[in-house]
Amino acid sequence: MNKEFIRRIIPLQIAAILLALSLSAVILTILSISPIDAFSLILSGAFGSPAKLAYVLTAWAPLLLCSAGLLVTFAAGLWNIGIEGQVVMGAVFATGLMRILQDSLPPSAVLLLAALAGLLGGALWGMLVGGLRRYGSVNEIFGGLGLNFIAGSLTVYLILGPWKRPGIGSTSGTEPFPPSLWLPGFKDFQASPIEMILGLIAIASVAIALRDTHFGLRLRAVGMNMKAAFLKGVPVDQDLFLAFGLCGALAGLAGWVLIVGTSARHNLYPLISSGYGYLAILVVLLANLKPFWSVPISFSFAAISMGSLQLPLQRQLDSSLGGVIQGMLVLSVLVINGIRSRWLRHEG
Amino acid sequence: MMGSKKLWMVVAVFTCLAMLLTACGEKKKPEPAKAPEPAPFVFGVVLVGPYNDHGWSEAHYMGGKYAESKIPNAKMIYVDNVNPGAKPGVTIPQVAEDLISKGARIIFTTSDDFKDGTLEAAKKYPNIPFVNVSGDHAWKEGKDYKAPNNLSNFMGRMEYGKMIAGCAAALTTQTGKIGYLGPLINDETRRLAVSAYLGAKYAWTNILKKDPKKLKFKATWIGFWFNIPGQTLDPTKVAVDFYKSGYDVVISGIDTTEALVEANKMAKAGKKVRAIQYDYKEACKEAEEVCLGVPYFNWGPAYVKAVKMALENRWTQYWDWDGPDWKDINHPDTSAVGFVKSRGLSQENAEKVDGFIKGLADGSINLFKGPRQFQNGKTYLKEGEVATDLQVWYFPQLLQGMEGRSK
């Protein structure tokens, strides 16, 4: 299995990356931008200084958490597009709890409880996708998309309604939390080790759970062939619910990080999920569902996201070009995987 | 195995193509030898919208350009579109770090939305002067004074611009219904909507001598400074709703140009509608015939002042609320706010607007003078009382006679 992975998958992924870079280079050139210039700008924007690296790590943490969650749902063969909404609901639950308790409990207790609230919010929203699938026969892709919209509208409602800042009606966000409710960072390095450790623990636990536990084995069985798994006596419904719940919980924790993180905005605002969920889908696809590989891949995606901020700053280009590069990467992977499976079928 | 080879072929071809194109692109940059220049003094500007939005952000961009032209060796760098729609999660301290690492020695953050973030950034970089435009953290007499010494504020007294806009609207409306396309709701936006209303009411009752009860003035707030799909009301739709329900003049209070764009479409379909733009001196250019005019900010002089203070090492904290130069409200070097009339305003009404501006200039017209009531009937200003700066800046509620939400 492992040999097969090294012999076949890795060259394919590298081919995909080259293809993506070339396609991006072509687009950049058409826009009369030197690709080498753009790529080096992105690199220096990500790693040019300790402060920049800190921002990359800040983006890495939620990406790791979301990737960990998606490894679970992908293992079960589920497309959890609803992960964005699960991040949002984690942030909403965490914010709600912090608003209620911030004046009555010590900050560390508030932070801890908020993390649990985030886990819960994300898990509930994830299981809702599972519920829609099980009882409403709504495919998880459509259910997830719908719930993403609802979660987004709910934040706008909360920000303009019950949670709005006194005297202000603006969608830009709720009252920021005081510094005592930010995760501690270093003086000149504004990233909290807590965020990253949580992310890495999440990936490691998921890797172990999928490989070594009975639950993991069942999930993979469901992912490979749901009917067969069911006939073999796997409690498919229950396991799928659990998968959605687990993924949602980890996404919800990412939502908590986006509220309390050292370099966060420290408040709830619309689109707080910032596309980290979608980006994590790309990470996991690119990692070919391998936990180990999601770690460096999510790190490089975080670097591209942060580094591409340099494009508007230095060359007056749109920073969304970074997104174009990421999108190209994944499209290339999908295309190459598609071609590969066609050719495997031919061989078979 | 054929498949694999084909795949590599495709990749290789693309890579070569990319390299070729890259090489071509590289050649386009001949660097002429220049005499060495002294290192420029770099100032950073953070914009909430696109730098070319024909509104608030472009006005700031032009302000920065003006400072570049007036101060030898000053150089602007900027980041635009810093808002939760375009760059969710990007924070002001983060953008500030970046600008500083690019050499910025003073940073302008040009939105009320950046208020909290600027405070955080100013504390983090105590040696870099920050200016948050439209904020009040540096106003010692204000209600929210908490800025460290390296943080200052400036703002223009747009009340006057909005009064002139309201006056032009009331003189022009045939239906007696004026719409105000509002952004989010806060002290600043209530203050400006109220100013527009007061200008309209004055023109309606004192110039046109019409029954005050027959003037309708309605504010609709979209929720942010410009359209963010899914988060704000769609300003295009709000403008269309205004025009379709008989509001024939819409005063824009948002950063972008939807009101004028829609008015132009309606006018082309034969409707007699007009719009008043906001923020940017040349904002009417898109459709001059349907635009009555634009109250605008002329930020240039304020940028020059701040950059010079930082450049000459004589920075002290300040809070400026700059008014128009009443000798010439459109003077580019002295007036912080102005009003440019456009072709949609008739000659006759243009003269009346000039008279109104003259009245404001010589003090014979003071609209922030009592008696004035809030929307809920409570007293804002007693008979003869003139509003203080605090009373104008912190505007808690819309005034009686206006329709629309106060918070």
Side-chain angles (χ1 to χ4, degrees), chain A residues 11-12 15 18-19 21-26 28-30 32-36 45 48-49 51-52 55 59 149 152-153 156 160 164 167-173 176 190 258 263-267 269-275 309-310 312-314 316 318-320 336 339-340 342-343 346-347, chain B residues 1-4 6-8 10-19 21-22 24-26 28-29 51 77-81 83-91 93-95 97-99 101-102 112-113 116-117 120 124 183-187 189 221 223-225 228 230-232 396 405 407:
Chain A
L12 280 173
L18 284 180
L19 181 64
L21 287 178
S22 324
L23 285 173
S24 314
V26 170
L28 287 166
T29 313
I30 290 170
S32 51
I33 300 157
S34 152
I36 292 175
S49 71
K52 294 206 163 62
Y55 283 112
F149 275 110
S153 310
V156 175
L160 283 176
K164 78 187 178 136
I168 297 178
S170 166
T171 58
S172 86
Q190 295 287 319
L258 291 171
S263 292
R265 283 181 50 173
H266 320 298
N267 66 349
Y269 53 92
L271 292 182
I272 187 163
S273 54
S274 310
L309 262 184
Q310 293 301 312
L313 195 62
Q314 301 251 345
Q316 287 158 32
D318 203 297
S319 63
S320 55
I336 288 194
I339 296 176
R340 175 186 60 139
R342 273 181 68 156
W343 129 57
H346 275 287
E347 277 188 350
Chain B
M1 281 324 275
M2 267 311 279
S4 158
K6 259 189 209 158
L7 211 58
W8 276 104
V10 172
V11 172
V13 166
F14 265 104
T15 313
C16 292
L17 193 64
M19 282 175 169
L21 285 170
T22 313
C24 295
E26 292 277 282
K28 280 184 210 151
K29 285 198 301 182
Y51 77 97
I77 55 176
Y78 70 92
V79 199
D80 65 348
N81 266 321
N83 66 72
K87 294 193 177 79
V90 168
T91 61
Q94 182 180 359
V95 175
E97 187 278 325
D98 219 10
L99 289 167
S101 75
K102 295 290 161 331
D112 94 301
D113 200 40
D116 307 306
E120 198 184 325
K124 209 169 140 190
L184 47 87
I185 314 174
N186 65 14
D187 285 314
T189 63
W221 311 98
F224 198 66
W225 295 104
I228 304 180
Q231 295 182 33
T232 60
R405 285 167 53 199
K407 51 185 171 182

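Only a predicted model underlies this, so the values are computations on that prediction, with no experimental measurement involved. So you know, we letter chains A, B, ... as the sequences are listed, proteins then strands, and number each from 1.
Once rounded to the nearest 0.5 Å, the distance linking OG of A:Ser170 with CG of B:Asp112 reads 6.5 Å. Atoms NZ and CG, from B:Lys407 and A:Leu160 in turn, are 14.5 Å apart once rounded to the nearest 0.5 Å.
Taking each heavy atom of A:Gly169 and B:Leu184 in turn, the nearest pair found is O-CB, 3.0 Å. Between A:Tyr55 and B:Pro93, the closest heavy-atom pair is OH-C, 3.5 Å. Annotation for B:Thr91 and A:Ser263: closest pair CG2-O, 3.5 Å, computed over non-hydrogen atoms.
The residues A:Arg265 and B:Asp116 are annotated as not salt-bridged, no charged nitrogen and carboxylate oxygen being separated by less than 4.0 angstrom.
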Quiz prompt | Audit row: B:Asp98, A:Lys52, side-chain contact (heavy atoms from CB on, under 4.5 Å) steps and yes/no | solution = CA-CA 8 Å; B:Asp98 219 10; A:Lys52 294 206 163 62; 2.7 Å; yes
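Residue A:Pro270 touches chain B through both its backbone and its side chain, counting heavy-atom pairs closer than 4.5 Å. For A:Leu271, the parts lying under 4.5 angstrom from a heavy atom of chain B are both the backbone and the side chain.
When each of B:Asp187, B:Asn186, B:Thr232, B:Ile228 is scored by its heavy-atom pairs under 4.5 Å with chain A, the top score falls to B:Asn186.
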